Amino acid sequence: MASRNSLQTPECQTTYTRIGSCFAPRATPKSCNIARIAPILSRQVSGEEEENIKALLNKTWHVFGLSPLYNFERKSSAFQRYSKSLSSALEAESHKGCFVDNDVPGSVEIGGIRGLTVNIGDQNAVGIFVRGKNRKAEDAMVYTALFCCVNLQFCPIPKDLQASFKYFPIMLASGPVAIMNSINNWLESQFDCRVTKLKFSSNDLLWMASLWSAYTPVPKSRPLELVYAVPQECEGLSKITYRMAAADAKRLLDIVHPDDSDELTEEEVQAYFDALESHLCYMFHAKLGTMYLRTVGNSIAYVSTDGKIKLFSMDYVFNVLAHLTQLSVERFTGTSLQTLPFSQNE
Amino acid sequence: MEVDILKRCFGKCKTSDIFSVLKKWSFLSSADISHLESAETIKGPKRNLVGLIADICSRRDNFNIESVGELDLICVQMNPSKCIWSCYQLEESNDEDEAFDPVQLKQKLGKHLRLCFDPKSSVSTVLHNGAVWMKLYIPQQRNQKYQAPRSVYLIHYLHTPLILMTGLKASIKEFLFQALLNCFNCKKLLEMKLTGRQVDSLKELALNRWCQGDFSKFRYEQVQRRPLSEILPRKRKVDESEEELDPNITCENEGMKKRRKEMLDKVFGTNTQPVLEKLDFKVRVRYKDAKNFGIADPDVPFTCEVKFEGPSVIEGIRNLGRCGMAKLPLPPHLTRITSLAKNHFVLTDKGELDSKHKSK
Amino acid sequence: MSSKQRNPLNDAVNYLVTADSKLRIKGNEALHKSLEVIERTATSLGLSPDQILQLVDVAASGKQGETVSKKLIKLLIPATKVPETAVLKAISWICTNRPSMTIQCLLIRWIIVVYDYIDRRDRLHGLYGLLFRFLHFHSLLPYMCQLLYFLTRREDVKLYRVRQLLELQKNLGQQPYLTGLLLIYKHYQPGLLSVVINRNYKSLFPTYDRKWGAMVRLIQEKSNPLERSQNDTVLERLQPKLDTSYMAAASKRRKLDCIPDIHSNASRADFAKGGFSKLNLLNGTVVPFVHISTFGKLLESIDKIEFPNQMGAVLKSRLLQHVISYSSDKVAVTRFQFWLQATLHEVLLDYPLENGNEYTARLLRLLKSFQDFLQEGIPVLDAVLSSYICQWNGLDNRCLILKLLARCRLHQFSYFRESILNPLGKLFFSSAVYFKCQTIQALTDMLQNQVAVERLHHEELVSYQTQSDINTTKSKPMSVLFWEEEGEEDFKTVDFVREFIQFVSQLCLVALQCGRSHPLLEHCILNFLEMASFLHKCYQVPFVVFPPASLCVRLLFSTNPYTVSRLCSVISRFKCVFQSLKMQQNTGQLEGRRNESFESVTEVNKTILCLINALWRCKAFDHSEEARQMEELSFSPELVDQRIGVDCGEMLSIYHHQAFSCFTYKFIKENTLGIKHPTEIKVCKREFLGYLERHNLKGLNEFVSSVIIRSKPSTTK
């Protein structure tokens, strides 16, 4: 059984690098990619922090990747200023052509969210909350966005410029698309960053599914669900949904991955998926390898290729967020970070 | 309330269809219809026209909920694929020859419903394409407003034990079934695990169980009855379109493609497959793979659920074979779908299909 | 300017001015006559400043009644300039509220029409606050907005005024004149207001008085033809051009263009001293870039410029590129790199199909012009391109990608080969001949760039890094914009160049084997070789790298006469370079270490020998001691078909060579020496050589004369 890692010592360091370190030895696809399985819990969480973590669950989030933010201050006065500016930006968008005063408080609140960090190199999370009228015309929280940085292993900001930039690899956002676009735009113009939608590839989904299957299933877990999209040439069939009970999925994983090792390698992931697909092939003679994996989910989270995620399990929230952080950093720097040595302690 | 229902029905239809619906309904006289056609409201927004129709109808005497129910049925008939239909089978009928009179049926059923449920329930019937379409409206409380979710639509193919229903709620199921059994003089109403949106396909799957797949060629009379005579059989439609043969492109696996096509034709036939939107399999089989031995508890079967979804799933499965995305020959539980008249299956390890009739 | 004309005018003016009480209008001959005179003069020549001053009084006071006043105001057309006092007088009359509302509006309109021609505007500007109060009067509002629009300077933008304007906007809705005034306010203080404007306002203020304005302009031009002849409206000349493109709605902007515009919506200048209560741009400590529109302004505030909020905008503005090229602000440069990294990833790698080709092409084009301006490669771009070309299909934006690659930075050759050259090679081998030509051209450019430019940058960076170990104060690298504190590898440029040329020559060889003497391909390859030969002379590198002999000999077999000729000139140039290097070494100008260049001398000699044997000395496939080492030209003569009738040694000579066959034919036809067969040309080789040279095949002559030492004036057999 994977040992539960309860406390992290504060010596976990993030490594820094030069920008555009282009010709670093490129990781070929066949190299050994490793990921940790043990659940990450930073410290004893206080009540407020637990609330914050719970607020992440059971909600569909869009995932965005952010480049480093320039001139982002964490003082409360700065937060007030930002929220005023953002509210007037939102109002200007909704009333086009009308000038809006930037100094008037509006429907937006920006504040720090505690409890979502693991490493000392992680920035404390920041949340944007927009109030408005929801569909029932009541006053409610219409849009939420969270910038997080969880277990950052590799910071792309050079050491001497740390003061000017803050790096939040991922932003989770939930709400109407119009507000999302306006807020992303405001972020880009205010902090000189770039907000890109973090779409996952099928390979990323494979990794996530394998990692999550490795976690100990609770008796009433959701089954492992894989949704494949059938290619266009096969007319008439659009998708195949494949659900397997969590305990059975774990059994399959145990064949390829010995229990005592705490790391999952690429070969094991491939073998695991081969096993799953071959079982379906045995049942229906359909070769899932020819189809595209679109959605993956089990009792920990539910993820799809267009960048949407839904978290279910509180214990493993940090693992999921850490994995997303890593994906985002990789996407930004264009390198495969898993070739770098880990400095985490057990 | 009837006006309300009428407005809703016309709201669902397209403006261009309104007049054809009116003609089919045959509630208004042709004089009225021609009057409407020449009225100026045609050019205006739809609701003006609908308002005018409502006015005319409400002045008639026999404008009651049943006639409006017929209008509703005609609208549903225009595109039945908006609802999901489930199939039921009547069994052990008592009388052998039953002269099915729709009017009688309506009265009988209406009486039963008013006994079991609210006295305001109503039944409307329309004959369409060789079947009796019925709308059962069972309001919940003494509520004046029209409750659209409380109507159940029913299709019964005459002289067959097949009934298709949509909009059935769990609360009224028991009593409704009782009422139906009484009307049709049968002892049992079984739920076939067959659901879908295409009424014609469902009917075909349910009724023509034994001539699907390759045997459908007999049904469509595509086989030459008298091979020795000179009369040529009707040409089968070529459903595989011949691709433009570019002389510079050669297909390397011509032979394999041919073999595949033959195998699939033998199983599925060359005619279009009936349309189903979903196939649901719950499987409990042991894990068998030569590479991966060493699995814990090899005798405990795996519980899986596999769903195939798409515009026409059976066609899709056939195409899986054709494109090479499935290993041929396809397993029997896929090839015999058309003969099983179901789309929810439970497979277990005995090798045979274990179709337990579990009620929902 | 006869006195006769002037006098009636003066009389008329005097008449109006000195009238104490209201004159009768009906039947008043004098009044009408004077008005007529004034009108005539005004519409033909314009009025003098004094006259305007006097008449303003009359008109604005309303003493003579509304009709007269209106007429007079319309006639206040200046011949030269309008005195400021006149304008001030008009405004003071408005303050008294004595003239009617129409007259007041008309006065303001007059001020707007002649605004251009007021001689001084300082005192007028001093009345800004007063004029602002007039905004409360709704009938005056549109005109007053326009006037204030002209008058507004940076120091006039105050928070309470902004709030008043917003209040007006709320009450009246969106009016174009209010929008205009607010826009100019936003321009001066970007952080105060937010707005989203989708339309492009062509004219913010409707032109009320076109004819009037036209007449004024006409008269001004007549009297001051030298003044200027610009045709832009008053609006644009007096105020900076307001570009509302960056205020468009978010989704629209993203779809059209991923490059941000220049804006300072979150300017730091606002927050320098504690919030909005003290707007302190007055002392001009920081100038947001939005305010800089010309090069002159840039020079004025060269040390106070604040970069725009989104550094990506540097790609669009040449001025900003100038600023960034001299600034030592690493933060700004880093911002740019981060933005570029994220955008390029998104556009090229992650979602290449989402945006149109034009979108990507524009970004790449702007990047290229930026790099050309900076004369430097951007490291981030290199990184992204190296991942991109692994999955590139060779078609999309081909020219741009190759040109961008040509500017890439200097790295150790092993990395270079793995990241860039190998993927390019893969595409190269599997593509048509035009792609090959373009690639070779790009590689030539790359070679030139690396030797001429990047080598110097690299040396500077390396010396900067090594210097940091010894001294405490470092002098930052001056010539490079994108540099890092550490991580620059130290290696010798000569190794890089040698391996690079080796690699490219191999590519060329394979290409030549695939094609059949394709002229364009050979041309590009020869360009490359010429570049390799120019390196020493043009860029003062202390080494020379000779391309593999196999390539040279392969080119000898081409069917194109100019190829052979150029090849000869390239070889002779290499010879010169080697000689000059030798001389430099002998005189001690080179560094004391053994120069690796001389290791390839034997190869050079072999090539020269081979070529001259083939072309001139008719010993092409010679098996003598020296030539035998040349594997490329060794095969046994028995394999040659004897039916050709030509001695195989002569087959590649200039008169039998397949490339020159057309010239040989012509020579035989035109010659006066009675030669009927090519073999006979052997006797008069020199004449033939001269003949070829006249047809621009100079390389041969150059080569032959540099290699062959003529001992006798006549040719030998």
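A quick note: this is a predicted structure, and the numbers were derived from the prediction, not measured. Each chain gets a letter, A, B and so on, in the order its sequence line appears, and its residues count up from 1.
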Proximity breakdown for B:Arg284 and chain A, heavy-atom pairs closer than 4.5 Å: neither

pair A:Val227-B:Glu309: side-chain heavy atoms closer than 4.5 Å: no

Using side-chain heavy atoms (C-beta onward) and a distance below 4.5 Å, is B:Glu305 in contact with A:Pro223? no

Per-residue contact mode, A:Tyr242 against chain B (heavy atom under 4.5 angstrom): both

Chain A: which of B:Leu320, B:Ile317, B:Leu279 shares the most heavy-atom pairs with it under 4.5 Å? B:Leu320

Roughly how far, to the nearest 0.5 Å, is the CZ atom of B:Phe281 from the OG1 atom of A:Thr241? 12.5 Å

Sub-4.5 Å side-chain heavy-atom contact between B:Pro331 and A:Tyr282: no

Given heavy-atom pairs under 4.5 angstrom as the criterion, report whether the side chain, backbone, both or neither of B:Val300 touches chain A. both

Looking at every heavy atom in both A:Lys287 and B:Gly324, which two are closest together, and how far apart are they? NZ-O, 3.5 Å

Let me know if B:Val285 has heavy atoms under 4.5 Å from chain A in its side chain, its backbone, both or neither. both

Closest non-hydrogen atoms of B:Gly310 and A:Ser238, given as atom of the first, atom of the second and distance, are CA-OG, 3.3 Å

Can you say whether the rings of B:Phe302 and A:His279 are parallel (under 30°), tilted (30 to 60°) or perpendicular (over 60°)? tilted

Which atom names give the shortest non-hydrogen contact between B:Thr303 and A:Asp248, and what distance separates them? N-OD2, 2.8 Å

Give a yes or no answer on whether the side chain of B:His333 reaches the backbone of A:Met283 with a donor-acceptor pair at less than 3.5 Å. yes

Leading residue by heavy atom contact count with chain B [cutoff under 4.5 Å; candidates A:Met291, A:Glu225, A:Arg251, A:Met244]: A:Arg251

Can you confirm whether B:Lys307 is buried at NZ, in the sense that more than 12 heavy atoms of other residues, nucleotides or ligands lie under 6.0 Å from that atom? yes

Engaged part of A:Leu280 at the chain B interface, taking heavy atoms whose separation is under 4.5 Å: side chain

Does some side-chain heavy atom of B:Arg322 sit less than 4.5 Å from a side-chain heavy atom of A:Glu233? no

Specify the closest pair of heavy atoms between B:Gly316 and A:Cys234, including all atoms of both residues, with the distance to one decimal. O-SG, 3.3 Å

Over all atoms of both residues, closest heavy-atom pair of A:Phe284 and B:Leu334: O-CD1, 3.6 Å

